[in-house]
Amino acid sequence: MRYIRRAMNPPKETSSTPAEHWRCDAGSDSVAVLTIPGLIGRARVFDVDASLLVDVPAEPEGAWLELTVECDGKRQWSRRIPAHNPGQTDGLDYHQRLRLEAEQGVRFRAVAAVKGVRIRQLLLEAREEA
């Protein structure tokens, strides 16, 4: 009987690896949480977007909307603006590019606060750069 010893090489990364897409659509809820687990063997770069869309009443006197984005429990960004577009929609958007090293995971949380408007959609999304 003959044994052959071979070095174990990790699989080579190919361009056929599909890009990751993570999405949390909280609908009309005020909190969206998105967790991207770590991946063994390769680093990844993501474009992370948070979007808040609200319905504005015809008389938006004193109405406002606010969006706060956290990454691993630390505040990255927060804005509060007066509501515009009476009788239509208004919104706030946030964008961040993030590099995750091999085995590194991350947790994003988007929190919406409103006064005098109604949340239509709160969306948190991460797309891997292809």
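Although no hydrogens or angles enter the test, the distance criterion places no donor-acceptor pair under 3.5 Å between the side chain of Asp29 and the main chain of Val31. A donor-acceptor pair is defined here as one N or O able to donate and one able to accept, closer than 3.5 Å; no such pair exists between the side chain of His21 and the backbone of Ala19. Put simply, the side chain of Asp93 never gets that close to the backbone of Ser51: no donor and acceptor are under 3.5 Å apart. In this structure, the side chain of Asp72 engages the main chain of Arg107 through a donor-acceptor pair within 3.5 Å.
Taking the side chain as every heavy atom from C-beta outward, Tyr94 and Ser78 never approach each other to under 4.5 Å. Side-chain contact between Val45 and Arg99: present, with at least one pair of heavy atoms (C-beta onward) separated by less than 4.5 Å. Contact annotation: the side chain of Val106 never approaches that of Thr35 to less than 4.5 Å [non-hydrogen atoms, C-beta and beyond]. Between Leu67 and Val111 there is no side-chain heavy-atom pair separated by less than 4.5 Å. Between Phe108 and Gln96 there is a side-chain heavy-atom pair separated by less than 4.5 Å. A 4.5 Å side-chain heavy-atom check between Val33 and Leu124 finds every atom pair outside the cut-off. The side-chain heavy atoms of Trp77 and Thr68, taken from C-beta on, include no pair separated by under 4.5 Å.
Arg118 contributes atom CZ, which lies 13.5 Å from atom CG of Leu65 (distance to the nearest 0.5 angstrom). Rounding to the nearest 0.5 Å places CZ of Arg44 at 8.5 Å from CD of Gln104.
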Can you check side-chain contact (heavy atoms from CB on, under 4.5 Å) on His95 and Asp49, steps first, answer last? CA-CA 5 Å; His95 175 82; Asp49 294 290; 2.7 Å; yes
Full working for salt bridge (charged side-chain N to carboxylate O under 4.0 Å, His left out) between Glu70 and Arg109: CA-CA 5 Å; Glu70 300 170 354; Arg109 187 169 89 121; 2.9 Å; yes
Report the C-alpha separation of Arg97 and Glu128 in whole Å, then their side-chain angles, then the decisive distance to 0.1 Å, and conclude whether the salt bridge (charged side-chain N to carboxylate O under 4.0 Å, His left out) test is met. CA-CA 10 Å; Arg97 179 162 279 196; Glu128 184 181 13; over 6 Å; no
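Residues Ile36 and Ala126 approach most closely at CD1-CB, 3.6 Å, considering heavy atoms. Taking each heavy atom of Trp64 and Val117 in turn, the nearest pair found is O-CG2, 3.6 Å. Taking all atoms of both residues into account, the shortest heavy-atom contact from Ser28 to Ile119 is CB-O, 3.4 Å. Between Val56 and Pro86 the shortest heavy-atom distance is CG1-CA, 4.0 Å. The two residues Leu92 and Arg79 make their nearest non-hydrogen contact at CD1-O, 3.6 Å. For the pair Ala32 and Ala26, the tightest heavy-atom approach, listed with the atom from each and the gap, is CB-CB, 3.8 Å.
Ion pairing of Glu125 with Arg23 is present here, as a side-chain N (NZ or NE/NH1/NH2) and a carboxylate O approach within less than 4.0 Å. Ion pairing between Glu20 and Arg42 holds under the 4.0 Å rule for side-chain N and carboxylate O.
Enclosure of atom CD in Glu59 is not indicated, since only 12 or fewer non-hydrogen atoms of other residues, nucleotides or ligands lie within 6.0 angstrom.
Under a hydrophobic clustering in which Ile, Leu, Val, Met, Phe, Trp and Tyr are joined whenever their side-chain heavy atoms come within less than 4.5 Å, directly or via other members, Val114 and Leu122 fall into the same cluster.
Judged by distance alone, the side chains of Asp55 and Thr89 never bring a donor and an acceptor atom under 3.5 Å apart.
Tested against Leu123, the residues Leu52, Leu34, Asp25 include a single side-chain contact (heavy atoms from CB on, under 4.5 Å) partner, Asp25.
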